[in-house]
Amino acid sequence: MNFLFLFVNAIQDVLPLEVAITFGLVLFALSWVRPRRIVSLPHTGQRASTLAGAGVAGSLLVVVVATTVSAIAVSAQDASGFDGWWRRPAPLFAATLVVAAAAVALRRVPLPAPGERTIVPRRPWHAFASRTLLWISGITAAVLALTAGWQIAIATTAPVDGPFFGHVPDYTKLPIYMSFNSGYGYLSGAGWPNHLATLLALALAAAVFFAALRADANRPVFARATAASVRSERELTAQLFTLILIGGLITTLGAVWMHTGSAGQALVGLDDQRVSGTQSSPSILIAGGYDAFARPMNLLGYALQAGGVAFLLRLSVDSVRAVVETRRARRAETAHEVVATGPRR
């Protein structure tokens with residue numbers, strides 16, 4: 001038992017839980033309780049190879065970015081009070097770049113000549129998107145926007161000689177502080193220097209997502225193509241784009257909740273002693289403004305960040321499985337055609 005405890009502690013020293021990949025690998029392993037693939041790909045053509053690249057390499061890119069920035073947050077000491085402004089939205093930004101790159105690659109697929117096109121009415125951007133996935137992505141984006149907006153709204157500046165609690169960075173005149181217990185002191189971690197980049201990344205993700213889906217929904221169709229095949233390949237495209245963005249959204253939301261939950265957990269004694277693991281706690285402690293849900297928010301942030309990484313890892317592996325399955329299906333079709341037609345004489 002002691003050996004197991006020491007082993008777990010050694011693992012945490014190498015890969016702390018704050019690093020996205022640590023808990024993410026655990027949840028990724030647990031996801032195989034349901035082995036069914038979460039994504040499918042078109043069978044042939046440049047669209048199939050583009051989506052395969054986005055699903056496999058693109059998902060792994062977001063995982064690498066999330067792991068890297070979370071590892072930097074663990075190892076680096078934030079002396080400014082807003083050093084993590086770019087790290088928290090980095091996974092969402094990476095997911096947006098993957099979708100944008102895939103959408104640009106799809107635009108390079110040869111279009112039918114004007115005389116070979118089917119005349120179809122102009123479709124809305126969500127014509128081929130899954131309503132369930134759109135609801136999931138919309139709710140996640142709304143929660144992320146509300147969290148960032150709330151943290152910006154509660155921020156204030158602080159006097160240079162004001163009482164500061166929790167993690168105390170170098171003093172700045174920027175509004176990175178939140179009032180602790182109605183003016184009793186100040187905590188850092190809030191304000192637009194910390195959270196404006198998250199809102200900008202969210203707006204960019206929405207713009208790229210809408211543009212990519214709208215362009216693909218209204219892409220010209222070959223007259224000889226069947227309606228079922230066109231709908232299938234565009235539904236699969238919209239599905240993959242949505243899943244990649246959902247992974248980025250969940251991972252970024254987890255990072256933001258980890259940060260805001262940690263900032264709201266400061267406890268201060270009436271004798272103005274800052275409580276830490278090495279100090280004896282005063283008999284009476286005063287909590288911050290949202291201490292009641294700061295700890296659950298922080299813990300849920302860990303789970304969300306890990307869940308986003310696990311989801312993206314599963315998306316990458318399932319994209320590989322989809323590629324293997326489509327190749328196997330094509331070989332089976334070719335073999336069947338050879339058997340059906342027989343050898344030439």
Side-chain angles (χ1 to χ4, degrees), residues 27-28 31 33-45 47-56 58-59 62-63 91-92 94-103 105-107 109 120-145 202-219 221 225-253 304 307-323 325-326:
L27 295 182
F28 170 69
S31 73
V33 172
R34 185 178 184 274
R36 182 180 177 182
R37 281 189 288 115
I38 62 174
V39 67
S40 297
L41 298 175
H43 285 186
T44 58
R47 179 183 291 267
S49 60
T50 298
L51 295 183
V56 178
S59 299
V62 183
V63 171
L92 176 57
T96 303
L97 287 182
V98 171
V99 172
L106 287 179
R107 292 178 67 88
V109 176
V120 294
R122 187 163 184 83
R123 300 184 179 95
W125 65 271
H126 54 79
F128 298 103
S130 164
R131 297 297 181 268
T132 301
L133 294 180
L134 288 180
W135 272 106
I136 294 173
S137 59
I139 292 172
T140 307
V143 173
L144 180 59
L202 187 58
L204 178 63
V208 169
F209 183 60
F210 294 155
L213 263 61
R214 181 170 56 244
D216 196 55
N218 292 286
R219 185 177 177 80
V221 179
T226 63
S229 65
V230 171
R231 169 164 287 277
S232 174
E233 68 179 16
R234 299 194 182 185
E235 285 179 346
L236 295 177
T237 302
Q239 179 195 45
L240 182 64
F241 286 177
T242 310
L243 290 175
I244 292 173
L245 277 180
I246 286 176
L249 281 168
I250 294 175
T251 308
T252 293
L253 178 61
L304 287 170
V309 167
F311 178 78
L312 289 164
L313 286 173
R314 182 63 188 268
L315 182 60
S316 179
V317 172
D318 280 358
S319 296
V320 174
R321 294 170 66 197
V323 171
E325 182 64 28
T326 54

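A quick note: this is a predicted structure, and the numbers were derived from the prediction, not measured. Every heavy atom of this structure was used, including side-chain atoms; hydrogens, water molecules and symmetry mates were not.
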Measure the spacing between [atom1] of [X] and [atom2] of [Y] and express it to the nearest 0.5 Å.
| X | Y | atom1 | atom2 | value |
| --- | --- | --- | --- | --- |
| Leu245 | Leu133 | CG | CG | 11.0 Å |
| Thr50 | Arg107 | OG1 | CZ | 13.5 Å |
| Arg321 | Ser316 | CZ | OG | 12.0 Å |
| Leu243 | Arg314 | CG | CZ | 12.0 Å |
| Thr96 | Phe209 | OG1 | CZ | 10.5 Å |
| Ile139 | Leu134 | CD1 | CG | 11.0 Å |

Residues Arg219, Asp216: salt bridge by 4.0 Å N-O rule =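 Looking at Asp216 together with Arg219, the answer is no, because their closest N to O distance does not fall below 4.0 Å.
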Of all heavy-atom pairs between [X] and [Y], which one has the smallest distance, and what is that distance?
| X | Y | value |
| --- | --- | --- |
| Arg36 | Asp318 | O-OD2, 4.1 Å |
| Leu92 | Thr252 | N-OG1, 3.1 Å |
| Leu213 | Ala129 | CD2-CB, 3.9 Å |
| Leu315 | Ser59 | CD2-OG, 3.4 Å |
| Val56 | Ser319 | CG2-CB, 3.6 Å |
| Ala48 | Pro42 | CB-O, 3.4 Å |

Does some side-chain heavy atom of [Y] sit less than 4.5 Å from a side-chain heavy atom of [X]?
| X | Y | result |
| --- | --- | --- |
| Asn218 | Trp125 | no |
| Leu249 | Leu202 | yes |
| Phe241 | Leu106 | yes |

request  = Test Thr140 against Ile246 for side chain to side chain contact (heavy atoms under 4.5 Å, CB included), laying out the working first.
outcome  = CA-CA 8 Å; Thr140 307; Ile246 286 176; 5.6 Å; no
query = Does Arg234 use its side chain to pair, donor to acceptor, with the backbone of Phe128 at less than 3.5 Å?
reply =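 No, Arg234 side chain to Phe128 backbone: no donor-acceptor pair under 3.5 Å.
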task = Show your working on side chain to side chain contact (heavy atoms under 4.5 Å, CB included) between Thr251 and Phe311 and close with a plain yes or no.
result = CA-CA 9 Å; Thr251 308; Phe311 178 78; over 6 Å; no
query = When Leu240 is tested against each of Thr242, Ile244, Thr237 for side chain to side chain contact (heavy atoms under 4.5 Å, CB included), which residue passes?
reply =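 The option that passes is Ile244.
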